[in-house]
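Positions are given from 1 along the sequence.
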Amino acid sequence: MKKSEELLLEILKRFKANGLAQVSGLNAFGYVRETPKSVYVTREKGKDTLISHKRLLMGIEAYQSNPSLYEQGPAALREFGITHVTSPIYAMLHLLSKKEFTN
């Protein structure tokens, strides 16, 4: 299994290259810029938002420990301490396939 930090770097690479993270039927989030410990995203409904790498790593580790969360929607991330930014994190996590979290 890949380390969570490696998956984080791959997510950020794909997000920057695509310029967008979106799960079908849900809001899209655009890439704005990165800092050493976070990424800024645009929201369809709202202001640009800072997403810390720490919170993305929490989501990655949640998916690694329970791959079925991949299909459960953004709200499932709340039980892992991710609040207020569940939708953009969910969209960014889905830049990887479910299989990539378990290999």
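- For the atom pair CD1 (I11) and CD (E6), the distance works out to 12.0 Å, reported to the nearest 0.5 Å.
- Shortest non-hydrogen contact noted between L26 and Q22 is O-NE2, 2.6 Å.
- L69 places a side-chain heavy atom less than 4.5 Å from the side chain of F80.
- For the pair L93/F101, a side-chain contact is recorded, criterion being any heavy-atom separation below 4.5 Å from C-beta on.
- Across all non-hydrogen atoms, the minimal contact from V23 to A91 is CG2-CA, 4.0 Å.
- With a 4.5 Å cut-off on side-chain heavy atoms, Y40 and T35 count as touching.
- At distances below 3.5 Å, at least one donor-acceptor pair connects side-chain atoms of T49 with backbone N or O atoms of K47.
- E61 places no side-chain N or O within donor-acceptor distance of the main-chain N or O of M58, the cut-off being under 3.5 Å.
- What you find for I82 and G59 is that their closest heavy atoms are CD1-N, 3.6 Å.
- Under a hydrophobic clustering in which Ile, Leu, Val, Met, Phe, Trp and Tyr are joined whenever their side-chain heavy atoms come within less than 4.5 Å, directly or via other members, L57 and F29 fall into the same cluster.
- Between R14 and L95, the shortest heavy-atom contact is NH1-O, 2.8 Å.
- The shortest heavy-atom contact between S52 and S38 is CA-CB, 3.9 Å.
- Of the candidates I60, L77, I89, T86, I89 is the only one forming a side chain to side chain contact (heavy atoms under 4.5 Å, CB included) with R55.
- Side-chain contact between F15 and V41: present, with at least one pair of heavy atoms (C-beta onward) separated by less than 4.5 Å.
- Note that CG of N27 and CZ of R43 are 8.5 Å apart. Values are rounded to the nearest 0.5 Å.
- Counting only heavy atoms from C-beta outward, the side chains of P67 and T102 approach each other to under 4.5 Å.
- Residue E79 holds its CD atom at 7.5 Å from CD of Q72, rounded to the nearest 0.5 Å.
- L12 and L20 sit in two unconnected hydrophobic clusters of ILVMFWY residues. Membership requires side-chain heavy atoms under 4.5 Å apart, directly or through other members.
- Taking the side chain as every heavy atom from C-beta outward, Y31 and N18 never approach each other to under 4.5 Å.
- Proximity of Y70 to K99: side-chain heavy atoms (C-beta onward) are nowhere separated by under 4.5 Å.
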